[in-house]
Amino acid sequence: MEKKKIWTVKDVLDWTVRYLTEKGLPSPRQDVEYMLSFVLNTSRLNLYMQLDRPMNNKELNLFKTLVKRRLKREPLQYITGIAYLWKYEFLVEKGVFIPRRETETLIEVALTALKGTEGTVADVGTGTGCVLLSLLKETPLFTGIGVDISPKALAVFKKNAYRLKLSGRAFPIKGNCLSFVKNESLEAVISNPPYIKSDELDSLQEEISLYEPKEALDGGRDGLFFIRRLVKEAYRVLKKGGFFATEVGHGQAEAVRFLFRQTGFKKVESHKDLSGIERVVSGWKL
Ligand SMILES: C[S@@+](CC[C@H](N)C(=O)[O-])C[C@H]1O[C@@H](n2cnc3c(N)ncnc32)[C@H](O)[C@@H]1O
């Protein structure tokens with residue numbers, strides 16, 4: 001009788017990288033490393049310290065279900081339930097926008113403006129809370145309001161605030177933009193709003209178009225529908241001396257700087273992300 005094959009971590013890693021490559025997935029090695037680390041409850045680095053470790057049936061079966069989901073182009077972060085941004089790990093689930101690396105520019109810009117000061121900051125369209133919570137970690141005198149129209153996002157926000165020990169300073173609010181805020185009551189407003197043009201939504205990669213929530217992405221006909229409203233509302237709710245920064249899409253910065261100035265913001269600036277794209281526009285209500 002043929003002896004049953006023993007699958008080591010290395011066998012599984014090599015076989016699955018080959019398989020996902022054949023199937024045309026964009027970053028097969030990274031996908032497999034993350035899924036294997038998830039199944040074995042270890043770090044990606046540690047995987048390479050246990051390449052000879054045999055995998056048992058339970059681990060192999062769980063791994064197979066993850067691979068099947070990835071083959072249907074489900075984003076890795078929904079499969080593992082985890083996304084990384086700035087210095088932290090955030091829980092994420094289907095129906096909630098996955099944090100993107102380029103959003104670290106918004107965190108950096110807000111930190112530079114607010115570090116060492118105090119007050120209340122609202123994060124409009126907070127999603128997992130990744131921007132607000134990263135900011136609050138490094139601005140201990142700030143209180144944060146995470147606003148979102150999606151109850152699902154707010155439930156995830158709460159869990160992330162708890163995990164980062166920020167529940168006492170980070171409050172979720174279900175709201176439509178800033179309509180619930182009284183005039184001139186905040187020191188800062190930050191946002192990574194929906195800014196993709198509606199007619200571009202279906203042509204995005206399948207990971208996004210099939211799985212991520214449309215309301216997190218759709219910026220209307222020209223992509224600026226939400227930002228136009230946000231700029232006006234931010235100006236209305238900020239105290240004198242208040243700071244506002246919003247992420248923008250590729251090619252939108254110039255139009256958004258114009259909107260900022262037209263509304264009354266001063267010291268209006270754009271900030272580039274690591275790819276050299278103008279990714280954030282900021283200004284002050286002086
Ligand atoms: C691009 S996602 C950003 C999520 C998170 N801030 C991040 O950077 O990962 C935009 C978020 O705005 C929320 N949103 C959309 N329309 C909204 C509205 N009218 N009022 C408040 N939030 C809204 C969506 O639910 C989504 O969570």
Side-chain angles (χ1 to χ4, degrees), residues 75-78 81-111 121-137 144-161 164 166 170-181 186 188-198 200-201 204 207-209 211-220 223-234 236-237 244-250 252 256 271 273 279-281:
L76 194 60
Q77 293 89 339
Y78 288 153
I82 287 166
Y84 297 92
L85 196 79
W86 198 242
K87 303 170 187 172
Y88 308 106
E89 182 185 281
F90 294 94
L91 301 180
V92 66
E93 28 189 271
K94 203 159 170 217
V96 180
F97 184 82
I98 298 169
R100 304 292 207 275
R101 190 53 67 199
E102 61 265 26
T103 299
E104 292 185 340
T105 311
L106 177 62
I107 300 173
E108 230 169 340
V109 168
L111 267 176
V121 51
D123 175 21
V124 182
T126 198
T128 57
C130 57
V131 177
L132 181 67
L133 300 173
S134 301
L135 177 67
L136 289 179
K137 271 296 203 195
I145 304 171
V147 189
D148 211 292
I149 204 152
S150 150
K152 202 155 192 187
L154 293 171
V156 172
F157 171 98
K158 268 193 219 166
K159 290 185 207 164
N160 283 321
L164 290 167
L166 285 168
F171 306 103
I173 290 195
K174 184 170 179 322
N176 190 343
C177 202
L178 288 161
S179 51
F180 66 97
V181 186
L186 300 176
V189 173
I190 52 173
S191 182
N192 172 17
Y195 55 66
I196 312 275
K197 289 183 189 167
S198 304
E200 287 177 3
L201 289 175
L204 298 172
E207 277 83 348
I208 305 173
S209 62
Y211 290 94
E212 294 212 65
K214 290 266 184 297
E215 80 262 22
L217 303 162
D218 193 350
L224 297 176
F225 181 78
F226 192 87
I227 293 184
R228 265 189 215 99
R229 174 177 175 199
L230 176 67
V231 174
K232 281 198 196 122
E233 291 206 19
R236 178 182 65 78
V237 303
F244 172 44
T246 180
E247 183 168 315
V248 297
H250 194 178
Q252 294 177 339
V256 176
H271 310 263
D273 65 17
R279 185 57 70 190
V280 172
V281 176

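Atoms within each ligand, like the ligands themselves, are counted from 1 in listed order.
With respect to R100 and E212, a salt bridge is recorded, a charged nitrogen being found less than 4.0 Å from a carboxylate O.
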Quiz: residues 89-96 side-chain donor-acceptor pairs under 3.5 angstrom, not counting sequence neighbours:
{"unit_1": "E89", "atom_1": "OE2", "unit_2": "R163", "atom_2": "NH2", "d": "2.5"}
{"unit_1": "E93", "atom_1": "OE2", "unit_2": "K159", "atom_2": "NZ", "d": "3.3"}

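For the salt bridge (Lys or Arg N to Asp or Glu O under 4.0 Å) test, no residue two or more places apart in sequence or in another chain qualifies with D218. Listed by chain and residue number, R229 satisfy the side chain to side chain donor-acceptor pair (under 3.5 Å) test with E233 (two or more places apart in sequence, or in another chain).
Enumerated by chain and number, the residues approaching ligand 1 to less than 4.0 Å through a heavy atom are F97, P99, T103, G125, T126, G127, C130, V131, D148, I149, S150, G175, N176, C177, N192, P193, P194, E215, A216, F226.
Among the candidates N192, D273, T246, V248, the single residue satisfying the side-chain contact (heavy atoms from CB on, under 4.5 Å) test with L106 is N192.
Taking 4.5 Å as the limit, every side-chain heavy atom of R279 sits out of range of all side-chain heavy atoms of H271.
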